[in-house]
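Worksheet: the structure to be examined is printed underneath.
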Protein chains: 2
Amino acid sequence: MNKLLEVFRNSSLDDYAKLINESIVKREILVLIGKCSVDYTGRGESRLTDGDRVLIIKSDGSVQIHRPEGYKPVNWQPQTSVIEARVVDNKLVLTAIRDKPREILNVVFNEIYLLIRGRLTDNGEFVMYLNESDIRDLIYVNPWLIEDGLHIIGKEKDLGVGAVDLIGVDNKGKAVLIEVKRITASREAALQLYKYVEKYAKLTGAQPRGILVAPSFTTQALDTLKRLNLEYRELDLKKLWLLKKRNMGGKCGLDQLL
Amino acid sequence: MNKLLEVFRNSSLDDYAKLINESIVKREILVLIGKCSVDYTGRGESRLTDGDRVLIIKSDGSVQIHRPEGYKPVNWQPQTSVIEARVVDNKLVLTAIRDKPREILNVVFNEIYLLIRGRLTDNGEFVMYLNESDIRDLIYVNPWLIEDGLHIIGKEKDLGVGAVDLIGVDNKGKAVLIEVKRITASREAALQLYKYVEKYAKLTGAQPRGILVAPSFTTQALDTLKRLNLEYRELDLKKLWLLKKRNMGGKCGLDQLL
DNA sequence: TATTATATCTCGGGT
DNA sequence: ACCCGAGGTATAATA
């Protein structure tokens, strides 16, 4: 199994360059650890002076350069059309070019500590639960979560200024527009809902109710909602979660750890 | 120099667990390549079945799990309060826990191909050019970029509904609010500007001009601007860039490569 | 292709 | 600690 991965250290620069270029052609994964500086130009422009970093090239040509700290890479390239390694002035230079937008990443290695390359096989299935569309779907099926007597009649309805998450009719026959957020709703969310309410009123001539649904709200959001005559419902994610799990047979998580 | 990094393969599970826990205590960087499955729960919840991945733990306790493709990690933890490796049922289990928000990442390794650990030293300086604040500052100093006779009198002025990028006075003495975008301005950007214009009018009793400044505009943005009686200026980033470079002595880039 | 909205967004700066 | 807005955001969905 370990033939999967090759490890190199103390190789010559020319050998490193060759190893890298081979890996890219073979669409292997490549991890390069060493001291380097990085220049980037494209949508913006950045310079990073010498330091120890971990560089990863994946089989799709994406590149990321990680410093010893921080979740995010300091420099990167989501996908590239060209990646090339070569030796210039006794240094290993790696260039990754991307089109649309045209961007160039240039890495100069002053030292290479380690190179790992190999083919990884990953056919794993990834499932994400309880994203916004999950919540929307749950409310769609269980409108009582918002209020009794509510009938949902539409999902992701485009009003010409973007799509409102849910449209329904309350027990008095009045239209209800619902905007769903899975995290704390900010003022922006309230404004987004207002935009739909305004547009709907203009399109139909009838004033709808607007309800912002979220697990919590910033004070500014609440102010704005009040000012714009909009409603809100606090949503208990845990409750939704249980509802979802019940539908799935109760086996979708390790939340007992929480 | 290579004593910086240690490489292990074919070690026992217990040894791997020990190596990992040691690294975490010593705040080293750790790269683990192997076949694993991943469970995450916290703000959301996800499951990832078996496959080959690259796991990185950095000195700040951030964790990321990379599949062979894609720029982004499939699972991650920006920072963690606790990371622990242990052997359970003849498998290496790595748990990373984060508080606020409470989130748990659980990785079960069925095979470990390679473990690399070591201390990296990175004192490099990172500089980013031409982000939004750069553009704002350039306009601040060179208001003629927007129009002749404009005087900028404020930057990042908080109006109580967020801060407007720039405030100025035109050659007729009328207030001008400027919102800057470094990428194509969308309808949202127009609405953002409108929000400031409305608020300013309410605060002062005088109707200001509103100008959206961006390298380009979506058609919806232009529609919205027209409807809301707002203005816009197309901004040539390259021109700004040259302006900036001239100020810096002409040496801040490799854009000649573009 | 262009545009929009989401994201386990992350991250920094402000109050 | 909350809140807001930028991001080289990336990414998926949609027209």
Side-chain angles (χ1 to χ4, degrees), chain A residues 38-46 62 64 70-79 98 100-105 126 128-136 156 158 160-165 179-189 191-192 216-223 237, chain B residues 38-46 62-65 70-79 98 100-105 126 128-136 156-165 179-189 192 195 216-223 237:
Chain A
V38 186
D39 285 312
Y40 153 79
T41 187
R43 285 168 294 179
E45 182 160 328
S46 73
S62 61
Q64 44 199 301
Y71 154 74
K72 284 183 152 189
V74 60
N75 280 109
W76 71 92
Q77 206 74 289
Q79 262 185 336
R98 175 194 191 192
K100 268 191 316 190
R102 176 78 170 171
E103 301 193 287
I104 299 173
L105 188 65
F126 180 73
M128 182 80 211
Y129 306 106
L130 218 71
N131 50 14
E132 207 196 63
S133 71
D134 271 343
I135 299 174
R136 194 163 50 221
E156 277 293 308
D158 191 359
V161 291
V164 64
D165 285 329
E179 176 68 23
V180 177
K181 292 289 162 200
R182 65 176 303 285
I183 54 172
T184 305
S186 65
R187 187 179 11 86
E188 288 302 313
L191 288 171
Q192 201 178 339
S216 59
F217 304 82
T218 69
T219 50
Q220 294 249 31
L222 292 176
D223 285 351
L237 283 189
Chain B
V38 187
D39 284 311
Y40 154 78
T41 186
R43 287 166 293 180
E45 182 160 331
S46 74
S62 61
V63 180
Q64 45 198 300
I65 299 159
Y71 156 74
K72 284 185 150 186
V74 59
N75 281 109
W76 71 91
Q77 204 78 285
Q79 262 187 337
R98 175 193 190 193
K100 266 191 319 191
R102 177 80 170 169
E103 300 193 287
I104 299 172
L105 189 66
F126 180 73
M128 181 81 212
Y129 305 106
L130 219 71
N131 51 12
E132 206 196 63
S133 73
D134 270 345
I135 299 174
R136 193 164 51 221
E156 276 292 307
K157 282 287 173 194
D158 192 358
L159 297 178
V161 292
V164 65
D165 284 328
E179 176 67 24
V180 177
K181 293 289 162 198
R182 63 177 303 286
I183 53 173
T184 305
S186 66
R187 187 180 5 87
E188 286 303 312
Q192 199 178 340
K195 187 178 70 186
S216 58
F217 304 81
T218 67
T219 50
Q220 294 249 31
L222 292 176
D223 285 351
L237 283 188

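Reminder, nothing fancy here: chain letters follow the sequence lines and each chain counts from 1. These numbers come from the heavy atoms of this one structure, side chains and all, not from hydrogens, waters or symmetry mates.
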Next item on the list: Select from A:Thr184 and B:Lys181 the residue whose nearest nucleotide in DNA chain D is closer to the 5' end of that strand.
Entry: A:Thr184

Notebook entry, point to check: Could you walk me through whether B:Thr218 and B:Ser186 pass the side-chain hydrogen bond (donor to acceptor under 3.5 Å, both in side chains) check?
Noted result: CA-CA 5 Å; B:Thr218 67; B:Ser186 66; 5.8 Å; no

Measure the shortest side-chain to side-chain distance between [X] and [Y] over non-hydrogen atoms and say whether it is less than 4.5 angstrom.
X        : Y        : answer
A:Gln79  : A:Arg98  : no
B:Val38  : B:Val74  : no
B:Met128 : A:Tyr40  : yes
B:Lys195 : A:Glu188 : yes

Note to self: So, taking the atom named CD in A:Glu45 and the one named CD in A:Glu103, what distance separates them when rounded to the nearest 0.5 Å?
What the structure shows: 11.5 Å

Checklist line | B:Gln77 CD to B:Ile104 CD1 distance, which is reported to the nearest 0.5 Å | finding: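 It comes to 9.0 Å.
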
Answer with base, sugar-phosphate or nothing: what part of the nucleic acid does [X] contact at a heavy-atom distance below 4.0 Å?
X        : result
B:Glu179 : sugar-phosphate
B:Ser186 : sugar-phosphate
B:Lys195 : sugar-phosphate
A:Glu188 : sugar-phosphate
B:Gln220 : sugar-phosphate

Distance, rounded to the nearest Å, where [X] contributes [atom1] and [N] contributes [atom2]:
X        : N     : atom1 : atom2 : answer
A:Phe217 : D:dC2 : CZ    : C1'   : 16 Å
B:Leu222 : C:dT3 : CG    : C1'   : 13 Å
B:Asp165 : D:dA6 : CG    : P     : 7 Å
B:Gln192 : D:dC4 : CD    : P     : 12 Å
A:Asp223 : D:dC2 : CG    : P     : 17 Å
A:Gln64  : D:dG8 : CD    : P     : 15 Å

Next item on the list: Taking only the side-chain heavy atoms of A:Arg187 (C-beta and beyond), determine which of D:dC3, D:dA6, D:dG5 contains the nearest atom.
Entry: D:dG5

Notebook entry, point to check: When rounded to the nearest Å, what value does the distance between C1' atoms of C:dC9 and C:dA5 take?
Noted result: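 It works out to 13 Å between them.
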
Margin query: Using a 4.0 Å heavy-atom cut-off to protein, can you give one letter per nucleotide of nucleotides 7-15 of chain C, 5' to 3': B if the base is in contact, S if only the sugar-phosphate is, - if neither?
Written below: SBSBS----

